[in-house]
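In what follows, chains carry the letters A, B, and so on, assigned in the order in which the sequence lines appear, proteins first and then strands, with residues in each chain numbered from 1.
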Amino acid sequence: MSEVDSPSNFIQNKIDEDLKSEKVAVHTRFPPEPNGHLHIGHAKSICLNFGLAVKYSGTCNLRFDDTNPSKEETKYVKAIQEDVKWLGFDWGDNMFFASDYFDQLFEFAVQLIQKGKAYVDDLSPEQIREYRGTLSEPGKDSPCRNRTVEENLKLFQKMKAGEFAEGEKVLRAKIDMGSGNLNMRDPILYRILKATHHRVGDKWCVYPMYDFTHGQSDSIEKVTHSLCTLEFEDHRPLYQWFLDELEIYHPQQIEFARLNLNYTILSKRKLLQLVEEGHVDDWDDPRMPTLSGMRRRGYPPEAIRDFCERIGISKSNSVVDFALLEHCVREDLNRTATRVMAVLRPLKVVLVNYPENQVEEMDAVNNPEDPDAGTRKMPFSRVVYIEQDDFMEDPPKKFFRLGPGREVRLKHAYVIKCEEVVKNEAGEVVELRCTYDPNTRSGSTQDGRKIKGTLHWVSADHAYKAEVRLYDHLFTHENPADEKVCPDLKSSLNPDSLEIIKEALLEPYLKNAKGRFQFLRLGYFCVDTTISTNPIFNRVVTLRDTWAKIVKK
RNA sequence: UGGGGCGUCGUCAAGCGGUUAAGACACAGGUUUUUGAUGCCUGCAUUCGGAGGUUCGAAUCCUCCCGCCCCAGCCA
């Protein structure tokens, strides 16, 4: 599989080069903030970081970047762990929290003050913004910039002791207010936040900013390659500045492009909006691009890993075709899913020459791709249901399913012929009266006549009724994430992203079933018991459908 | 001349001075098939954003130009 021979990318090339000069084990980290659920974009990062550790026999830490207590919650920590595990990765003993380093980080800040490289600023948030300047104009120094070391030390301790209100003071690095890089214009190191932290409670009322936390955390953990997304490129000089000034171990930050997928959005903020406005049930709605949503939908973790492998790693902003993800899912499921029969929109078929009350047990192959999967029995009787789409009263040329006077094969059973079409008062076809050919048991003709069409079916008396849910893209717009071409998110929502079929007819084998199946000729489905005790079958993905393409033309 | 990035097939993406410019998805044909599925076969960039230059030789090096993305949270 493609998981074995992963394609080359610039990060691997870099690591290969690094390994030539210094023989240290590769050490990466996946650093989510526990303020929401993981999505397929995070999967790219997880697969990259953990994948590199596996490939180079190194280590990958799971580290929670929990420096903003007002947004973070323990429930997210748990959900993230679950998602990473489900994806198939193991951090072993290497789970850390930035909050583990709060004492150390505070000491680092004190060191900078002592070196004259940090100062306490009294400016208000608004003033700080003004003093920062703009993209094209330099900023100007704060009046507090030249406080003495002693004064700064005293003030910083008072900040820590809770003697000031939120927003009253901050600790800033003393770098360069004229820098073209805004991140270097005396960035804030610590702010006052009188919030309870999900792990360390009320121990602190000053919290370090991301920039003052991330690099040092990487350094403490002896991370060799700190991989992050492109928007942090501008932060790299600052990342290095802290490590230099503190004179501690230097990991290297390398940036890559985040994942974009068409027909969906991958921004936490917008995903949250979908949940809060009720456009989806929750974060794990099977239409969501979250890992929990995909898990419920039935996407195998192997398929997601394969997908992440195939999309590659580069620095160019790109939008990956959702069809590639679906391809990976189909490829995995084709190999592994048991084939069963289910009729979603039933049409009654009575076999007029089949004995009343007779039931035959037909042998059905479980998976033609896997000889070891064996066979099972399927009951067959006088009344069966077929799919409404599989009958046309006035079929076009290339249609080779059932029609008046036509013959078709019921998979694993018999060849039948449509003798009579029964309609209701409205003129709708409600029943087909057919004859079966007793000489075609299991589906093969003895006189050598070719039967082009093969239909799935279910015996009326033995059918098991269950709810089936069909999903489609959440958005009709190909690129809902791009606000330039799609300014209104809501108007591009796909009104048909969910179709519920209350009573689909399934073969009895599916009673008490768990896991994923291929409903023959329809698609792959996965049992979901999240929202009801009765199993619901979620459609993972359809089968490729070239007939539908022909019809479209 | 604010700073930092990116431009190779419809979409991803290899390529790192000498290749017929990988591969995958998508698409289009054909074939096998008791799933219009799967499988198999074939086709799909004389050209690498553009223009110059260096070189025996350039997608790869240099120059200029063009286009796109990110940055002005006490978010990460």
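Sorted by first and then second residue, the pairs that involve residues 130-142 of chain A and meet side-chain hydrogen bond (donor to acceptor under 3.5 Å, both in side chains), not counting sequence neighbours, are A/D121-A/S142.
When both pairing distances are held under 3.5 Å, B/G2 makes a Watson-Crick or G-U pair with B/C71. Shown here, B/U60 forms no base pair; nothing in the strands shown gives a Watson-Crick or G-U wobble contact with both key distances under 3.5 Å. Nucleotide B/G43 is matched to B/C27 when pairs are restricted to Watson-Crick or G-U wobble geometry with both distances under 3.5 angstrom.
Contact annotation for A/S444: base contact, defined as any heavy-atom pair under 4.0 Å involving a base atom.
Using cut-offs of 30° and 60° on the angle between ring planes, the pair A/F106 and A/W204 is tilted.
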Under 4.0 Å protein heavy-atom contact, by nucleotide of nucleotides 71-76 of chain B - B base, S sugar-phosphate only
BBSBSB
Assign a letter to each nucleotide of nucleotides 18-24 of chain B from its 5' end: B, base within under 4.0 Å of a protein heavy atom; S, sugar-phosphate only; -, no contact.
------S
Find every protein N or O atom lying less than 3.5 Å from an N or O atom of nucleotides 35-37 of chain B, and list the pairs.
{"unit_1": "B/U35", "atom_1": "O2", "unit_2": "A/Q518", "atom_2": "OE1", "d": "2.8"}
{"unit_1": "B/U35", "atom_1": "O2", "unit_2": "A/R521", "atom_2": "N", "d": "3.1"}
{"unit_1": "B/U35", "atom_1": "N3", "unit_2": "A/Q518", "atom_2": "OE1", "d": "2.6"}
{"unit_1": "B/U35", "atom_1": "O4", "unit_2": "A/R339", "atom_2": "NE", "d": "2.6"}
{"unit_1": "B/U35", "atom_1": "O4", "unit_2": "A/R339", "atom_2": "NH2", "d": "3.2"}
{"unit_1": "B/G36", "atom_1": "OP1", "unit_2": "A/R521", "atom_2": "NH1", "d": "2.9"}
{"unit_1": "B/G36", "atom_1": "O3'", "unit_2": "A/T546", "atom_2": "OG1", "d": "3.2"}
{"unit_1": "B/G36", "atom_1": "O2'", "unit_2": "A/T546", "atom_2": "OG1", "d": "2.6"}
{"unit_1": "B/G36", "atom_1": "O2'", "unit_2": "A/W547", "atom_2": "N", "d": "3.2"}
{"unit_1": "B/G36", "atom_1": "N7", "unit_2": "A/R401", "atom_2": "NH1", "d": "2.3"}
{"unit_1": "B/G36", "atom_1": "O6", "unit_2": "A/F400", "atom_2": "N", "d": "3.3"}
{"unit_1": "B/G36", "atom_1": "N1", "unit_2": "A/K398", "atom_2": "O", "d": "3.0"}
{"unit_1": "B/G36", "atom_1": "N2", "unit_2": "A/K398", "atom_2": "O", "d": "3.3"}
{"unit_1": "B/A37", "atom_1": "OP1", "unit_2": "A/T546", "atom_2": "OG1", "d": "2.9"}

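Of the N and O atoms on the side chains of A/Q253 and A/Y239, not one donor lies less than 3.5 Å from an acceptor on the other residue.
Glycosidic torsion of B/G73 falls within 90° of 0, placing the base in syn.
Between A/K14 and A/D18 there is a salt bridge, with a side-chain nitrogen of the basic residue lying less than 4.0 Å from a carboxylate oxygen of the acidic one.
Close to B/C27, at under 4.0 Å from its OP1 or OP2, lies a side-chain N or O of A/K549. Within the structure, every side-chain polar atom (N or O) of A/S316 is placed at least 4.0 Å from both OP1 and OP2 of B/G7.
Note: CG (A/D306) to P (B/C12) measures 19 Å, nearest angstrom.
Environment of NZ in A/K268: crowded, with over 12 heavy atoms of neighbouring residues, nucleotides or ligands closer than 6.0 Å. Enclosure of atom CD in A/E361 by more than 12 non-hydrogen atoms of other residues, nucleotides or ligands within 6.0 angstrom is indicated.
If you check B/G5, B/G15, B/A13 against the side chain of A/E233, the one that comes closest is B/G5. Counting only heavy atoms from C-beta on, A/N13 has its side chain closest to B/C16 among B/C6, B/C16, B/C12. Candidate nucleotides B/G15, B/C6, B/U11 were compared by shortest atom distance to the side chain of A/S8, and B/G15 ranks first.
Listed by chain and number, the residues in a side chain to side chain contact (heavy atoms under 4.5 Å, CB included) with A/D321 are A/N262, A/A323 (sequence neighbours excluded). The side chain to side chain donor-acceptor pair (under 3.5 Å) test applied to A/S70 returns A/N68, not counting sequence neighbours.
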